[in-house]
Amino acid sequence: MAFQVKKAVFPVAGLGTRFLPATKTVPKEMLPVVDKPLIQYAVDEAIEAGIDTLVFVTNRYKHAVADYFDKAYELEQKLEKAGKSELLAMIRDVLPKHVRCVFVTQAEALGLGHAVLCAKPVIGNEPFAVLLPDDLIWSKGRGALGQMVDLAGKENASVISVQPVPQEQTSSYGIVSAPNFTGRFGAIEQIVEKPKPEKAPSNLAVVGRYVLSGAIFPILEKTRSGTGGEIQLTDAIAELLKQDKVLAYQFEGRRFDCGTRIGLIEATIQYALDHDDLAAEARAYMQAALAAK
Ligand code: G1P
């Protein structure tokens, strides 16, 4: 099957316990980096990659993501009356017109593999993307997912993004072995969820971007709970490897782990330093703050 990727799945049902108490009422995907919530960065990256259908897998308590992408009638009217056309455009343009959103509920938090399986009725048997909004990928040129979609089309294969991590951190990630890299990609021979450093097949960690063949769904339907008692996407990919080519891809760009407090802080600094209106003040403040320490 040709790898034309038009749909993307965003698993956003997690509890975000690392950011309590903020996440008591604000889902972690709505935490801002400078002036946009994390989910908007992931959605922008998907749209730039050519995605036109966004599938959010959410839980029944979380309405903030749906509200964010919905039309804000009252606010639009107020801004229109006040003649604030720039702000009006900003809230209207959270999504371009050709993009549609679909919301799917994950009834029980049974793991990432299960969350992706919940999107099956919307995806069907097509290749699709998965983006974990916690992983914010900053890049100057084409976004990470765009690079992966291009590679998937060229090689007619599933593509998983990876980056090297210190060996002692392997137990926080899916880890692949892909011994024969050509440039930035290589065929995956093995993939394991969160192995201990001494058992890890390499130090190449899976980052939250995947381009997957629709063949993953029948496999997910049979996947039993694994690491942490959860249905793992990694375990289904390990099965997919047996029947299809799956590539590991080292993207161009820098990943911030915004599922952790320090990752969110680092991302905020990076994006502030990159922001036309904020860079000078942000730099001056950081220098002064460091000098005073
Ligand atoms: C998930 C995946 C893991 C991957 C990671 C990337 O883990 O299960 O394979 O390396 O995302 O962020 P989580 O961070 O949700 O525990």
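Just so it is clear, the structure is predicted and the values come from calculations on it, not from any experiment. We count ligands from 1, going down the list as the structure has it; atoms in each ligand are counted the same way. Only heavy atoms go into these numbers, but all of them, side chains included; no hydrogens, no water, no symmetry mates.
The distance from the CD atom of Q40 to the CZ atom of F69 is 5.0 Å, given to the nearest 0.5 Å.
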Walk me through whether E155 and K245 qualify under salt bridge (Lys or Arg N to Asp or Glu O under 4.0 Å).
CA-CA 9 Å; E155 296 289 322; K245 184 161 73 166; 3.4 Å; yes

Taking it one step at a time, do V102 and K7 satisfy side-chain contact (heavy atoms from CB on, under 4.5 Å)?
CA-CA 10 Å; V102 182; K7 295 177 181 165; over 6 Å; no

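Of the possible donor and acceptor atoms, one in the side chain of Y41 sits under 3.5 Å from a partner among the backbone N and O of V33.
Here L132 has side-chain heavy atoms under 4.0 Å from ligand 1, and that is the only part of it that gets that close.
Atom 8 (O) of ligand 1 is flagged as protein-proximal [any protein heavy atom, distance under 4.0 Å]. In this structure, atom 15 (O) of ligand 1 has no protein heavy-atom contact shorter than 4.0 Å.
Sorted pairs that involve residues 166-183 and meet salt bridge (Lys or Arg N to Asp or Glu O under 4.0 Å), not counting sequence neighbours, are lacking altogether.
Of all atoms in ligand 1, numbered sequentially from 1 with element shown, those under 4.0 Å from a heavy atom of K194 are 7 (O), 13 (P), 16 (O). Heavy-atom proximity to Q232, at under 4.0 Å, picks out these atoms of ligand 1: 8 (O). Atom numbering of ligand 1 starts at 1 in the shown order; those under 4.0 Å from a heavy atom of T234 are 9 (O). The Y173 neighbourhood of ligand 1 comprises atoms 10 (O), with distances under 4.0 Å to a heavy atom of that residue.
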Using a 3.5 Å cut-off and no angle test, enumerate the donor-acceptor pairs between side-chain atoms of residues 184-207 and protein atoms at least two apart in sequence or in another chain.
{"unit_1": "R184", "atom_1": "NH1", "unit_2": "Q250", "atom_2": "O", "d": "2.8"}
{"unit_1": "R184", "atom_1": "NH1", "unit_2": "F251", "atom_2": "O", "d": "3.3"}
{"unit_1": "E193", "atom_1": "OE1", "unit_2": "T234", "atom_2": "OG1", "d": "2.6"}
{"unit_1": "S202", "atom_1": "OG", "unit_2": "V176", "atom_2": "O", "d": "2.5"}
{"unit_1": "S202", "atom_1": "OG", "unit_2": "L204", "atom_2": "N", "d": "2.9"}
{"unit_1": "N203", "atom_1": "ND2", "unit_2": "V165", "atom_2": "O", "d": "3.1"}

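The aromatic rings of W138 and Y271 lie perpendicular to each other, with more than 60° between the two planes, well past the 30° mark.
Across the listed options V165, V206, D135, V206 owns the non-hydrogen atom lying nearest to atom 10 (O) of ligand 1.
In terms of protein heavy-atom proximity, atom 2 (C) of ligand 1 is closest to E193 OE2, 3.7 Å.
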